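To keep things clear, I will list the structure first and then write my remarks on it.
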2 protein chains.
Amino acid sequence: MDIRTLCLGVLSRGDATGYEIKKAFEEGPFGHIHAASFGAIYPALGALSDEGMVLGTEQAQEKRPDKKVFSITAQGRAALDAALLAPPGDDKVRSDFLFILFFANHLPVAHLAGLIDRRIAWYRDTLARMETCGHCAERPGEVFVHGLGLTIYRTAAEYLSANRGRFLDQVSAANHLAAE
Amino acid sequence: MDIRTLCLGVLSRGDATGYEIKKAFEEGPFGHIHAASFGAIYPALGALSDEGMVLGTEQAQEKRPDKKVFSITAQGRAALDAALLAPPGDDKVRSDFLFILFFANHLPVAHLAGLIDRRIAWYRDTLARMETCGHCAERPGEVFVHGLGLTIYRTAAEYLSANRGRFLDQVSAANHLAAE
DNA sequence: AAAGTATATTCCAAATCTATATATGTCGCT
DNA sequence: AGCGACATATATAGATTTGGAATATACTTT
């Protein structure tokens, strides 16, 4: 899914600035669905504007930098709907956390314990935010995707909590064996 | 986590060609942990070779193209261990599937049903492969990460199966309301 | 009063991905 | 027997994307 389609998706739910679109991919409704950076969003908005998919309106602000508010056009909505019909590619994941844990035998047990604890805390915080969010209680698609996210995060947090102790013991044992 | 570290990680488990490293990130042990492409792997191996982190040996093959088998050096192992100590960045996910489902109200119900069914089938196939894989029964880190992956995929497949019917009904209902 | 966070955009080098080219063998299908 | 599809193997050009820095200003915390 290219960035231009992602921006159209955000704008289809309401007007937004580039900055707000970025936030939608961080903490907002698309928080754990798709990542996107400033360096990709702003050029994409420029291209979409040139193609008539969005309309950008500059707004001077008194106590803030000027901002450009973008709104999606009828043509943009049509392009979004067409892009949504294309068969989805495979999910792509990049998890430093899992890569590091994979090599647990390279690391001190205390370091591993810290990594796991911080990750469990992250899940708790994220779940707390997700459970009290309003933006996802309306359209069925949003509710469905949100529910899947909640379910996966709860399961992951439970797995880490339930297996933490045994895992750390096993790493200790393996390290002692290797040291002999 | 940069590609050079990812390559060192794969090579720390045994010698491999660039092609085999790619496979490790597709179906292999790093299958759903981290994505990486040819266009990144080959230049990374070249750089690692220049820096003395890996040793590349060219091997002529009778019935296949020549291949370069890389093996990690002591310096490479040290660099890997150092990189593993750095604090992990946030996980990055890119899911076309979730993005499309989010906009369920833009799509025909039959199309959504197909998307969900294909995704459930993908989970079943992937789980079957993961459950019978040998590479993950040894080191505690690999077992732990593999177990988390299995748990998450099982949960996701169950969520999709359990909520599929209700979701499609809700989309139908919402579409009928909107048509009035 | 300094430091940090938040709003807001832009640019750029470096990293990375996609797609393709090259070469060859095997497998199944018709 | 011939054809396409797929697997092995490397490499590169071109496009995209990332991640960081630069630029402003205002509010909040220390």
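So that the names make sense, note that chain A is the first sequence line, chain B the second, and so on, each numbered from 1. Since we're looking at a predicted model, the values are computed, not measured.
- Listed by first and then second residue, the salt bridge (charged side-chain N to carboxylate O under 4.0 Å, His left out) pairs that reach into residues 33-46 of chain B come to none, sequence neighbours excluded.
- Distances shorter than 4.0 Å separate some side-chain N or O of A/K92 from OP1 or OP2 on C/dT18.
- Atoms CE (A/M1) and C1' (C/dC17) sit 17 Å apart, rounded to a whole Å.
- Checking C/dT18, D/dT17, D/dA9 against the side-chain heavy atoms of B/R94 singles out D/dT17 as nearest.
- Atom-to-atom, CZ of A/F70 to C1' of C/dT10 comes out at 12 Å; the value is rounded to the nearest Å.
- For the pair A/I21 CD1 and C/dT7 P, the interatomic distance rounds to 15 Å; values are reported in whole Å.
- Side chain to side chain, A/N175 and A/S172 fail the donor-acceptor criterion of an N or O pair below 3.5 Å.
- Within the structure, side-chain hydrogen bond (donor to acceptor under 3.5 Å, both in side chains) pairs that include any residue of residues 80-93 of chain B comprise A/S95-B/D91, A/H106-B/D81, A/R119-B/D91 (at least two apart or interchain).
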(message) Does A/E26 form a salt bridge (Lys or Arg N to Asp or Glu O under 4.0 Å) with A/K23? I'd like the steps, not just the answer.
(response) CA-CA 5 Å; A/E26 270 167 4; A/K23 279 203 302 184; over 6 Å; no
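- Sorted by residue number, the list of members of residues 82-90 of chain B with any non-hydrogen atom under 4.0 Å from DNA chain D is empty.
- One finds no side-chain N or O of A/Y19 lying less than 4.0 angstrom from the OP1 or OP2 phosphate oxygen of C/dT9.
- The side chain of B/K22 places no N or O atom within less than 4.0 Å of a non-bridging phosphate oxygen (OP1 or OP2) of D/dT10.
- Look at NZ on A/K67: it is 13 Å from C1' on C/dA6, rounded to the nearest Å.
- Evaluation of the ring-ring contact (aromatic ring centres under 6.0 Å, His included) test over residues 74-100 of chain B, restricted to residues two or more places apart or in two chains, returns A/F30-B/F99, B/F99-B/F103.
- Looking at the side chain of A/I3, the nearest of the listed nucleotides D/dT18, D/dT8, C/dT16 is D/dT18.
- In this structure, A/L55 stands alone, with no Ile, Leu, Val, Met, Phe, Trp or Tyr side-chain heavy atom under 4.5 Å from its own, directly or through other members.
- As a whole-Å value, the separation of A/R4 CZ from D/dT17 P is 10 Å.
- Rounded to an integer number of Å, the gap from CD of A/E58 to P of C/dT10 is 8 Å.
- Of the listed nucleotides (D/dT17, C/dA8, D/dT10), D/dT10 has the atom at the smallest distance from the side chain of B/K68.
- Between A/E20 atom CD and C/dA6 atom P there is a gap of 15 Å when expressed in whole angstrom units.
- Listed pair B/T17 / D/dT8 fails the phosphate criterion, with no side-chain N or O lying under 4.0 Å from OP1 or OP2.
- DNA chain D lies under 4.0 Å from at least one heavy atom of each of the following residues of residues 33-50 of chain B: B/F38, B/G39, B/Y42.
- With sequence neighbours left out, B/T126 forms a side chain to side chain contact (heavy atoms under 4.5 Å, CB included) with B/H32, B/W122, B/R129, B/M130, B/Y153.
- Axis angle between the ends of the helix from C/dA1-D/dT30 to C/dT30-D/dA1, five pairs each and rounded to 10 degrees, works out to 50°.
- The residues A/R13 and A/E142 are annotated as salt-bridged, a charged nitrogen and a carboxylate oxygen being separated by less than 4.0 angstrom.
- Here D/dC6 presents its C1' atom at 12 Å from NZ of B/K23, a figure rounded to the nearest Å.
- Contacts of B/R154 classified as salt bridge (charged side-chain N to carboxylate O under 4.0 Å, His left out), with partners at least two apart in sequence or in another chain: B/E131.
- Contacts of B/F70 classified as ring pair (Phe, Tyr, Trp, His ring centres under 6.0 Å), with partners at least two apart in sequence or in another chain: none.
- Applying the side chain to side chain donor-acceptor pair (under 3.5 Å) test to B/D15 and every residue at least two apart in sequence or in another chain returns nothing.
- Sorted by first then second residue, the salt bridge (charged side-chain N to carboxylate O under 4.0 Å, His left out) pairs that include residues 41-58 of chain B, not counting sequence neighbours, are B/R4-B/E51.
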